[in-house]
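The block underneath contains the structure these notes are about, expressed in structure tokens.
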Amino acid sequence: MHRFYAPRSAFMGDTVSLDVGETRHLRDVLRQSVGDEVIIFDGEGREFFCRILKISKDGAETRILNEIEPTAPESSFRIHVAAAITPPDKFDLIVQKCVELGVHQFTPLVTARCEIRVKDGSKKLERWQRIAFEAAKQCGRARLMAVNRIVDFQPFVEAEKSQMVMFSEREGEGFDEISRLSHLTALYGPKGGWEDSELTAARAGGASIITFGGRILRAETAAIALTAILQHRFGDMN
């Protein structure tokens with residue numbers, strides 16, 4: 001059953017309208033026709049079984065048959081991933097896999113040792129949001145992972161209100177130091193690791209510094225693997 005996205009504003013009574021982009025995918029790529037049945041999710045956690053009523057160049061109209069349980073239910077453990085920006089192919093992978101792992105929101109960080117310098121941040125943000133959108137469609141999540149604007153490390157840790165866990169190759173404790181919480185912000189660094197000033201700033205902001213034994217992990221491996229471990233220990237991957 002093919003899945004499509006429509007925001008809550010597209011729901012009118014028992015009908016749901018698809019925008020031009022989703023309609024193009026429905027009509028030209030998947031070759032769906034009037035009368036076919038599809039699944040539509042609203043990006044806020046709800047999913048519906050629908051029948052196509054009309055297809056035009058400007059959009060499609062469907063009728064809700066019934067609400068269904070999302071294919072991939074949301075974890076009660078809300079993870080906010082804040083990751084240092086890495087080269088595009090690697091960072092794209094991090095964004096995609098965080099969606100699959102049930103991350104609630106994602107923030108790209110500019111750190112002292114970032115491998116690349118950010119230019120035209122709005123275009124990059126649009127790209128990451130698109131990747132998150134496509135990943136949600138493919139993995140069955142009915143809630144879109146929020147991808148926030150790019151921020152510098154220092155103001156981020158000063159303003160963050162959730163409990164922070166900073167993963168570092170040095171100067172940290174083990175996983176057992178993480179208290180069981182309903183939400184948590186996980187900080188992942190760049191290829192070159194964190195600078196001393198960043199470790200100090202994170203501690204000042206109340207972050208727990210966590211190391212992962214003698215393993216040497218690439219930045220993208222750490223972000224994906226350690227998020228999976230967090231979801232396993234505190235969320236629904238158990």
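From a predicted model like this one, the values you see are computed outputs, not experimental measurements.
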Could you check whether atom CE of Met1 has more than 12 heavy atoms from other residues, nucleotides or ligands sitting under 6.0 Å from it?
yes

Would you say that Trp128 contacts Ile150 through its side chain, given a criterion of any heavy-atom pair below 4.5 Å between the two side chains?
yes

Rounded distance (nearest 0.5 Å) linking atom CD of Glu126 with atom NZ of Lys123
8.5 Å

Working to the nearest 0.5 angstrom, can you tell me the gap between Thr62 OG1 and Gln32 CD?
12.0 Å

Under the side chain to side chain donor-acceptor pair (under 3.5 Å) criterion, do Thr111 and Glu198 qualify, and how do the steps go?
CA-CA 8 Å; Thr111 65; Glu198 291 171 329; 4.5 Å; no

Can you list the steps and then say if His25 with His2 is a side-chain contact (heavy atoms from CB on, under 4.5 Å)?
CA-CA 10 Å; His25 187 62; His2 298 297; over 6 Å; no

Is the closest side-chain heavy-atom distance between Cys98 and Met145 below 4.5 Å?
yes

Quick one: closest heavy-atom pair of Cys50 and Ile40, and the distance?
SG-CD1, 3.9 Å

Treat each ILVMFWY residue as a node, draw an edge where side-chain heavy atoms are under 4.5 Å apart, and state whether Phe48 and Val34 are in one component.
yes

Measure the spacing between CG of Leu101 and SG of Cys139 and express it to the nearest 0.5 Å.
9.0 Å

Side chains of residues 219-227: which donor-acceptor partners sit under 3.5 Å, not counting sequence neighbours?
unit_1, atom_1, unit_2, atom_2, d
Glu220, OE2, Arg218, NE, 2.9
Thr227, OG1, Tyr188, OH, 2.8
Thr227, OG1, Ala223, O, 2.6

Which residues satisfy the side chain to side chain donor-acceptor pair (under 3.5 Å) test with Glu37, sequence neighbours excluded?
Arg51

Hey, are the side chains of Arg127 and Asp92 touching, using non-hydrogen atoms and a 4.5 Å cut-off?
yes

Distance, nearest 0.5 Å, that separates CZ of Arg46 from CD of Glu44:
9.0 Å

Heavy atoms, side chains only, cut-off 4.5 Å: are Ile94 and Phe106 in contact?
yes

Looking at residues at least two apart in the chain, or sitting in another chain, which of them share a side-chain contact (heavy atoms from CB on, under 4.5 Å) with Gln96?
Leu93, Glu100, Ile131, Ala135

Below 4.5 Å, heavy atoms only, C-beta onward: do Val16 and Ile64 meet side chain to side chain?
yes

What about Phe156 and Leu199, same hydrophobic cluster or not, with Ile/Leu/Val/Met/Phe/Trp/Tyr joined at side-chain heavy-atom distances under 4.5 Å?
yes

Decide whether Val103 and Leu125 are clustered together by the hydrophobic rule: side chain heavy atoms of Ile, Leu, Val, Met, Phe, Trp, Tyr closer than 4.5 Å, transitively.
yes

Quick one: which residue pairs count as a salt bridge (charged side-chain N to carboxylate O under 4.0 Å, His left out) with a foot in residues 17-27, not counting sequence neighbours?
Glu22-Lys137

With Arg130 as the cation and Phe133 as the aromatic partner, state whether NZ or CZ is under 6.0 Å from the six-membered ring centre and within 45° of the axis.
no

Shortest non-hydrogen separation from Leu18 to Ala6 and the atoms involved
CD2-CB, 4.1 Å

I'd like to know if the side chain of Asp42 and the backbone of Gly45 have a donor-acceptor N/O pair within less than 3.5 Å.
yes

Passes side-chain contact (heavy atoms from CB on, under 4.5 Å), Asn148 versus Gln105? Steps please.
CA-CA 7 Å; Asn148 303 322; Gln105 64 173 310; 2.8 Å; yes

Quick check on the hydrophobic clustering: are Ile229 and Phe77 connected, directly or via other members, by side-chain heavy-atom contacts under 4.5 Å?
yes

If we ignore hydrogens and angles and just use 3.5 Å, is the side chain of Thr86 paired with the main-chain N or O of Phe91 as donor and acceptor?
yes

Rounded distance [0.5 Å steps], CE in Met164 versus CG in Leu184
10.0 Å

Taking the side chain from Arg3 and the backbone from Arg141, do they hold a donor-acceptor pair closer than 3.5 Å?
yes

Does a side-chain heavy-atom distance below 4.5 Å link Ile85 with Leu109?
no

Hey, are the side chains of Val157 and Leu187 touching, using non-hydrogen atoms and a 4.5 Å cut-off?
yes

Within the distance-only criterion (no hydrogens, no angle test), does the side chain of Glu47 pair as donor or acceptor with the backbone N or O of Ile68 below 3.5 angstrom?
no

Distance (rounded to the nearest 0.5 Å) between Arg78 CZ and His104 NE2:
3.5 Å

Verify, without hydrogens or angle tests, whether Arg63 (side chain) and Thr15 (backbone) share a donor-acceptor contact under 3.5 angstrom.
no

Can you list, pair by pair, the side-chain donor-acceptor contacts under 3.5 Å of residues 189-196, counting residues two or more places apart and other chains?
unit_1, atom_1, unit_2, atom_2, d
Trp194, NE1, Phe167, O, 2.8
Asp196, OD1, Arg170, NH1, 2.9
Asp196, OD1, Arg170, NH2, 3.0

Could you list all the salt bridge (charged side-chain N to carboxylate O under 4.0 Å, His left out) pairs where at least one residue sits in residues 144-156, not counting sequence neighbours?
none

Is there side-chain contact between Ile52 and Leu26, with at least one heavy-atom pair below 4.5 Å?
yes

Modelled atom types, side-chain donor and acceptor of Gln154 and Glu158, under 3.5 Å
yes

Do Val147 and Leu144 share a hydrophobic cluster (ILVMFWY, side-chain heavy atoms under 4.5 Å, transitive)?
no

